[in-house]
Structures are given as structure tokens and as C-alpha cells.
There are 2 protein chains.
Amino acid sequence: MAGLRERQKQDRQKRILEEARALILEQGYEATTIEGIAAAAGLSGVTVHNYYGTKAGVLLAIVAESDRKLLEKMGAALSRDIDDLLELLLSFATIIRHHAVTNLNKPIWRQVVAATIVDPDSRFAKTYHELDHKLSMVLVREVERLQEAGRVSADISAIAVGKGLFHLQNTRFIQFVSLDDMTEEKADETLRRDVSALLHALPCRGSRGG
Amino acid sequence: MAGLRERQKQDRQKRILEEARALILEQGYEATTIEGIAAAAGLSGVTVHNYYGTKAGVLLAIVAESDRKLLEKMGAALSRDIDDLLELLLSFATIIRHHAVTNLNKPIWRQVVAATIVDPDSRFAKTYHELDHKLSMVLVREVERLQEAGRVSADISAIAVGKGLFHLQNTRFIQFVSLDDMTEEKADETLRRDVSALLHALPCRGSRGG
DNA sequence: GACAAATTTTTAGTTCAATAAAAATTTTTA
DNA sequence: TAAAAATTTTTATTGAACTAAAAATTTGTC
């Protein structure tokens with residue numbers, strides 16, 4: 001039956017996120033006030049606080065929603081044909097980066113990242129990190145696939161490789177959103193350089209002990 | 001001659017940073033107010049604003065000072081005996097991590113990282129990133145040394161390897177300060193796993209084309 | 001020591017996040 | 001439809017960052 005009251009609550013919450021998203025994109029995060037969001041949604045500021053606790057809570061709720069979509073798409077979007085570890089990660093990173101800039105913008109992403117760092121125990125930061133984890137596990141599974149295809153050493157933990165790559169991608173993502181004039185292409189290059197260098201850093205030789 | 005006025009100004013700035021550091025360590029960043037810092041330093045709040053612009057500006061000035069010391073030490077502290085890339089990075093990371101927790105604490109570092117991300121163009125964030133860059137170049141030079149010793153492929157850019165490693169270290173540093181119950185030892189392990197996995201991810205074989 | 005210049009402090013105000021408690025409204029239930 | 005329950009809004013406050021402009025102080029110069 002889903003209770004009328006419950007439905008209206010969800011409707012209000014949805015309205016808050018929609019209006020907040022529009023306002024933040026329009027005016028920027030800092031210029032957007034809770035009262036402004038509330039007014040746009042036809043509610044009182046206190047109600048917004050009731051639902052999301054803080055201004056950062058509203059922001060992270062917006063992101064959580066868009067990230068759920070990203071996760072859904074990621075599984076399908078990562079082409080199963082890629083049989084190279086480097087190209088796999090670059091493809092993975094491109095999808096994330098592209099999703100990020102089409103849904104929000106760089107200054108807002110900076111606020112998102114900052115908010116999850118300053119208060120990592122908040123309810124919203126936790127769901128953000130959960131999604132991050134799920135995203136990294138998509139990568140891990142792809143690494144496992146490459147291991148089966150013999151393109152990645154079978155005696156190295158797929159989780160370690162996947163997470164390591166994910167972290168590199170993550171740092172470069174933060175750098176990407178921190179530099180307003182860095183294009184997606186340039187970000188792609190820097191990540192390629194990092195990963196390629198690390199994958200080939202050690203001189204290749206037989207397993208003779210040193 | 002250095003002008004009396006100039007000397008007093010520097011004295012005041014120094015006092016602000018000292019008192020701010022003490023207060024922030026004692027009460028936490030958010031609980032510490034500009035007025036509180038000003039009172040402790042025997043100045044007015046407006047004066048603190050005049051010198052450092054914002055509360056985050058004060059925080060980043062504190063960090064910049066302590067990071068200068070880190071940079072000085074890093075060159076000397078990185079043992080010249082290390083001839084393994086993985087051990088080199090772990091040693092590098094340990095020095096940074098240890099410096100971080102002995103000078104400030106995790107919640108404060110979270111604020112530092114967040115502040116440099118939200119406003120990457122601020123004067124203080126720039127000096128922070130400059131120091132980061134210099135730090136990464138220390139690593140790059142060590143990689144060059146390992147290349148000369150034949151421990152790292154000579155045909156891979158030392159800058160790429162050094163920066164790549166630095167970024168991995170950086171992500172794990174952020175994770176370290178984000179998790180209050182992560183010990184330095186555990187952080188060391190996770191970084192070791194990442195780097196080791198990436199360095200050995202590709203199956204070793206001759207340069208037969210695919 | 002008096003005057004000019006520079007700096008700091010005082011004063012006053014704005015804005016906004018966040019919180020608390022009472023009042024009003026809406027929804028459910030009988 | 002009336003009473004009860006739950007939720008939202010109103011009202012009111014607090015606390016703090018940040019800003020602007022005038023007043024006071026300190027410093028350097030003659």
C-alpha cells in the first residue's frame with residue numbers, strides 16, 4: 001500500500017534533491033543556501049535540515065543518486081573485448097570521468113570529495129565510499145577475467161591489482177577536478193603514463209634469486 | 001636593517017600560527033575560532049583575517065611550515081642503501097606518514113586535504129601543492145638512482161614511475177587519515193600490496209609482439 | 001617632539017548554517 | 001467527521017566567518 005504519507009515524504013525528498021542540484025549547478029555550492037533550496041522546493045529550511053542534516057548531506061545525496069546510475073552502467077559499458085590491463089583501466093577511468101563532468105561540474109566535485117574526506121563517518125560519506133568500493137570491485141572482476149585470458153599474472157591477487165589501479169585512477173580523478181583547465185584527454189594521458197610506467201618499471205628477468 | 005615594523009609583523013604572524021596550532025590540536029579545527037586564535041595571540045580577529053584571509057588559510061600556513069621541515073629531512077632520511085623500488089616507496093611513505101601524525105592528527109589532516117581540494121587556486125593551496133611536487137621529485141631522483149643500478153628499467157621515464165608511485169602513496173595517505181583506527185603498520189601493508197601487485201601484474205615474457 | 005604614513009583595532013553589520021521548541025497542518029484511525 | 005498521531009512550519013536564537021569603514025595606535029621621518 002506504501003502509505004500516502006510515506007509517498008509524500010519521498011516526493012519531498014526527491015524535490016529537494018532536484019532543486020538543490022539545479023541551484024548548485026547554477027550558482028555554485030557555496031552560493032547556494034539551504035533556505036534557497038527549501039524555497040525552490042516549496043518547503044521550509046528546517047525541513048531540508050530534517051531530511052539531510054547538513055548542506056553537505058544534501059550534496060552527497062545528490063551524488064549518491066547519480067553514482068548509482070554510474071554503477072549500473074559501468075558493468076555494461078566496460079567492453080568485454082578489452083584484453084589489455086592498461087586499456088581496461090583507461091576505459092574504466094574515462095567512463096567515470098565522463099559521467100562526472102556530464103552530471104555535475106569540477107568545482108562541485110571538489111566539494112564532494114572534500115566533504116567525504118572531512119567527515120568520513122557521516123551517513124552520506126559512508127554510502128559514497130560503499131559505491132566507490134563496488135565500483136572498484138567491477139574493476140577487480142575484470143582483472144580476474146584478464147588473468148583467465150593469461151594477460152595478467154595468475155599468481156598476483158586480482159583484488160590487489162584492481163584496487164591498486166582504482167587508487168591511481170582516483171588520485172588522477174581528484175587532480176582532474178582540481179585543475180579547471182585540464183581536459184579529459186589530458187587526464188587520460190597522465191593516467192596512461194602512470195599506469196604504464198608502473199606496470200613496466202621492473203626489468204624483466206627470470207626468477208633467479210638476487 | 002630589516003625594519004622594526006617588519007620584524008613585529010613577522011613576530012605576530014608567527015604567534016598566530018603557534019597559538020592556532022596549539023588551539024586546533026587541543027580543541028579540533030571546527031571548534032577553534034578565529035577570535036579564539038586572535039585572543040590567544042593577543043590580537044584582534046580582524047588582524048588574523050588580514051594576515052591569512054580565512055580560517056583555512058591559517059591551517060594551511062601551519063602545514064606549509066611543517067612541510068618545509070619534512071622536505072628538508074626527506075632528502076637525508078631516505079636511506080641511500082635501498083636498492084629495491086618497493087622498499088624505497090614504503091620507506092618514503094613511512095617518513096611522510098610518521099611526520100604527519102607526529103605534527104598534527106588525523107582529523108586535522110582531513111581538513112588540510114579538504115581545504116586544498118575545495119580551493120586549489122588559493123595562495124595557500126598552491127604552496128601546498130608546490131611542496132607536494134618537490135616531495136615527489138625527491139622520489140623521482142631516487143628512481144633515477146635505481147635505474148642506474150639496473151634495478152628499474154632504463155627505458156621507462158623515471159618521472160612517470162616516481163609520480164605514479166607518489167600518487168599511490170598519496171591516495172593511501174588520504175585513506176590512512178580518513179580511518180581513525182588504521183595504524184601506520186596497516187597503512188604500510190595496504191600500500192605494499194598495491195605497489196607490489198602493480199609492479200608484478202603483467203606476465204613476464206620476451207618482447208615478442210602480440 | 002611633531003607630523004605623516006602605515007597598521008591595527010574597534011565598531012557595526014551581514015550572512016548563513018544549525019538547533020530548539022512551540023504552533024499549525026496534514027494524515028491516519030476510529 | 002472528530003480525535004489522535006505524526007510531520008512540517010514558524011519563530012527565535014546562537015555562533016561564527018567574513019567584510020567595511022572609522023578611530024586609535026604605532027612607526028618612521030624631519
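Proteins get letters first, then strands, A, B, ... in listed order; numbering begins at 1 in each.
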_Straight-line distance of A:E144 CD to A:E142 CD, nearest 0.5 Å_ = 9.5 Å

*Hey, can you pull the residues of residues 35-45 of chain B with a non-hydrogen atom under 4.0 angstrom from DNA chain C?*
B:L43, B:S44

*Considering non-hydrogen atoms only, spot the tightest contact between A:V112 and A:L60 and give its length.*
CG1-CD2, 3.8 Å

*Nearest 0.5 Å, what's the CG-CG distance between A:L139 and A:L78?*
7.5 Å

*Is the closest side-chain heavy-atom distance between A:L202 and B:S153 below 4.5 Å?*
no

*asked:* Can you give me the dot-bracket string for DNA chain C, 5' to 3', counting Watson-Crick and G-U wobble pairs with both distances under 3.5 Å, using [ ] for crossing pairs and | for partners on another strand?
replied: ||||||||||||||||||||||||||||||

*Calculate, to the nearest 0.5 Å, the distance between atoms CE and CD1 belonging to A:M137 and A:I159 respectively.*
5.0 Å

_Which residues share a side chain to side chain contact (heavy atoms under 4.5 Å, CB included) with B:E189, sequence neighbours left out_ = none

_Heavy atoms within less than 4.0 Å of DNA chain C: which residues of residues 51-62 of chain A have one? Give them sorted by number._
A:T54, A:K55

*What class does the angle between the rings of A:Y52 and A:F124 fall in, given that below 30° is parallel, 30 to 60° is tilted and above 60° is perpendicular?*
tilted

*List in chain and number order the residues that pass ring-ring contact (aromatic ring centres under 6.0 Å, His included) with B:F173, two or more places apart in sequence or in another chain; answer none if no residue qualifies.*
B:W109

Just the atom pairs and distances: protein N or O near nucleotides 11-15 of chain D's N or O, under 3.5 Å.
none

_Taking A:S66's backbone N and O only, do any of them form a donor-acceptor pair with A:H99's side chain (distance below 3.5 Å, no angle check)?_
yes

